[in-house]
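This report concerns only the one structure given below.
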Amino acid sequence: MDIKTEKRSNFTGKLGFVLAAAGSAVGLGNIWRFPYLAAKYGGGIFLITYIVLALTFGFCLMIAEIAIGRKTGLSAIGAFKKISKKFAFIGWIVSIIPMIILPYYSVIGGWVTKYMVAFVTGQGHAAAADGYFEAFITKAGEPILWFTIFIGITALVVMLGVVKGIERVSKIMMPVLVVLSVFIAIYVMFIDGAWAGVIYYIKPDFSKFSFMTVVSAMGQLFYSMSLAMGIMITYGSYMKKDVNLEKSVHNIEIFDTGIAFFAGLMIIPAVFAFSGGNEEALGKGPSLMFITLPKVFNTMFGGQVIGALFFILVLFAALTSSVSLMETVISIIQDKVKIGRKKLCLIVLLGCILVGLPSSLGYGVWGGVKILGLQFLDFFDFISNSILMPIAAFLICIFIGFVVKPSFVTDEIELNGKFKMKKMFNAMVKYIAPVCLIVILVFAILDVFGILTI
Ligand code: PHE
């Protein structure tokens, strides 16, 4: 198939591309979501499952998406439509996902904003007290206020078109976040009682393996690497032809997984040190980081300043991700409806606030309302990560494996030298991934309906 490449502004070189894609990939997924899943689903066994999936499946899906973007020079919807009219619907499925994620992502972004302000204004000690998070989250107005502030800043960045500026700042901030995370992780290791947590996190205990380990690790992979939602296709469309795709993807993966790894190493041992590392403490879910980290900073010399710095950095990482989500949502709508960018930003902002409200209230006032036994936020998280993304990934694999054929992607990759993992790629997109994705999807559905407890 001959696809003409349109002219698009490009990233400068490999580093520019890697950093921009990493800006979207590195965010709350790494720092907030990864540690609580690893804590809940068996520690070391989750970690190893995640790494294996990242190196095999995650690698293949990411390189495929970026290659499709670069080859067509278009974003998801345009790209699929251009390649095959019949399969244009994949672009649509893929595009719904950021619309579901953005509102609840911003609810968590609001929690981070609240903690950032608390530390900056000298209330870090108070934040370390038992029940602080609980008291915050069970209020109706406050979480909504912070959520609105976070999504408001995101919309403002997009509206004013200062995305480039934010990305520039984040390029400086991200390496600082890496260094700080490593430092905090090392500090935590030496807290009394933390070592058991290090072992729990690093050493796989195969008796803790269950299908939910794989389901959750796979969902996390999509989420953290911004996969199966068309974002990497868009990033690929801006990538220059002379940049080595395989190496770039390796770099993004190492960066993304490295930050997640250290976030886990910061949080999980601290759960053992401060909350005893029992099942209840480890199973806290979305609140885990907020309950645990202030306690770490509270025991640290200069902890209030370090805590403030940490939350500022996390907020920036979250903002670069939420901005990339909102940009995607806006460009999808703009392709279809002719409407001014500013006006559209406002509409998307309002829409997000409305859709995000139940997620914000769900952890407090609406705690009793459940869908399929899940709170709103967990429900949106589940629908996007465990249902829609596996479906989207399955369709993408089938599309590449059997419709356009893997050479459509591998030819593009080989424009810059040999594709070392070509054999694995072919087997993965054609057979392994589709089969695994269907199995995972079925198990996720059985689990949520309580038909099978795995
Ligand atoms: N990957 C981001 C994170 O880990 C979340 C995200 C998903 C951002 C999709 C943009 C697009 O936080």
Side-chain angles (χ1 to χ4, degrees), residues 18-38 50 53-54 58 61-62 65-66 69 75-76 93-113 150-151 154 157-158 163 166-167 170 173-174 177-178 181 216-236 238 249 252-264 286 289 313-332 348 352 356 377 380-381 383-386 388-389 392-393 396:
V18 169
L19 284 174
S24 163
V26 174
L28 296 175
N30 310 61
I31 299 151
W32 156 76
R33 201 170 185 275
F34 182 86
Y36 85 69
L37 288 178
Y50 183 83
L53 286 177
L61 194 57
M62 184 179 273
E65 284 196 27
I66 297 177
S75 310
I93 294 186
V94 156
S95 305
I96 300 169
I97 301 170
M99 300 187 187
I100 299 178
I101 294 187
L102 179 60
Y104 87 81
Y105 195 86
S106 303
V107 171
I108 312 293
W111 298 359
V112 173
T113 316
F150 182 87
I151 186 90
T154 305
V157 170
V158 175
V163 177
I166 291 284
E167 279 178 358
S170 98
M173 287 197 150
M174 243 178 339
L177 179 62
V178 176
S181 305
S216 54
M218 187 69 117
Q220 173 61 15
L221 187 69
F222 294 133
Y223 190 95
S224 183
M225 294 191 183
S226 310
L227 294 176
M229 47 187 122
I231 291 201
M232 286 299 157
I233 300 184
T234 309
Y235 277 90
Y238 292 112
V249 171
I252 302 167
E253 277 203 314
I254 291 171
F255 210 70
D256 192 72
T257 311
I259 295 198
F261 173 77
F262 282 110
M289 159 180 140
L313 293 169
V314 175
L315 184 60
F316 253 89
L319 271 174
T320 53
S321 296
S322 63
V323 163
S324 105
L325 278 164
M326 192 179 270
E327 285 274 2
T328 312
V329 171
I330 285 183
S331 71
I332 292 166
V348 169
C352 283
L377 196 150
F380 286 124
D381 190 88
I383 285 291
S384 47
N385 294 291
S386 301
L388 287 174
M389 290 187 196
I396 295 175

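First listed ligand is number 1; within each ligand, the first listed atom is number 1. All values below come from the heavy atoms of this structure, side chains included, with hydrogens, waters and symmetry mates left out.
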S224 versus ligand 1: do any nitrogen or oxygen atoms come within less than 3.5 Å of each other? yes

The atoms of ligand 1 lying under 4.0 Å from a heavy atom of N30, numbered in the order shown, are 4 (O)

Over 60° means perpendicular and under 30° means parallel, so tell me whether F34 and Y50 are parallel, tilted or perpendicular. perpendicular

Element-labelled atoms of ligand 1 that are located less than 4.0 Å from some non-hydrogen atom of L325: 8 (C), 9 (C), 10 (C), 11 (C)

Ligand-side contact atoms (ligand 1) for residue partner Y223, heavy atom cut-off under 4.0 Å: 1 (N), 2 (C), 4 (O), 5 (C), 7 (C)

Can you find an N/O atom of V26 closer than 3.5 Å to an N/O atom of ligand 1? no

Examine the proximity of ligand 1 to R33 and report which part, side chain or backbone, both or neither, has a heavy atom under 4.0 Å away. neither

Is the closest heavy atom of Y105 to ligand 1 under 4.0 Å? yes

Can you list the ligand 1 atoms lying under 4.0 Å from a non-hydrogen atom of S324? 10 (C)

Please confirm whether S24 approaches ligand 1 to less than 4.0 Å, judged on its heavy atoms. yes

Write out the residue and atom name of the closest protein heavy atom to atom 9 (C) of ligand 1, then the distance separating them to 0.1 Å. M229 SD, 3.2 Å

Would you call M289 and P35 a side-chain contact if the rule is heavy atoms closer than 4.5 Å? no

Among all protein heavy atoms in this structure, tell me which lies nearest to atom 6 (C) of ligand 1, with the distance rounded to 0.1 Å. S226 OG, 3.7 Å

For atom 4 (O) of ligand 1, which candidate among A25, A22, A228, G23 holds the nearest heavy atom? A25

Is any side-chain heavy atom of S324 closer than 4.5 Å to one of T320? no

Polar side-chain atom of T113 near backbone of F150 as donor-acceptor pair, under 3.5 Å: no

Numbered atoms and elements of ligand 1 in range of S321, under 4.0 angstrom, heavy atoms: 2 (C), 8 (C), 10 (C), 12 (O)

Please check: side-chain N/O of T234 versus main-chain N/O of G230, any donor-acceptor pairing under 3.5 Å? yes

Do N30 and F262 come close enough that some side-chain heavy atom pair is under 4.5 Å? no

Does L102 reach the side chain of I151, with side-chain heavy atoms less than 4.5 Å apart? yes

Ignoring angles and geometry beyond distance, decide whether I231 reaches within less than 3.5 Å of ligand 1 through its nitrogen or oxygen atoms. no

I'd like to check the side-chain hydrogen bond (donor to acceptor under 3.5 Å, both in side chains) partners of E327; sequence neighbours left out, ordered by chain and number. R341

Drop me the distance from I101's CD1 to L28's CG, to the nearest 0.5 angstrom. 11.5 Å

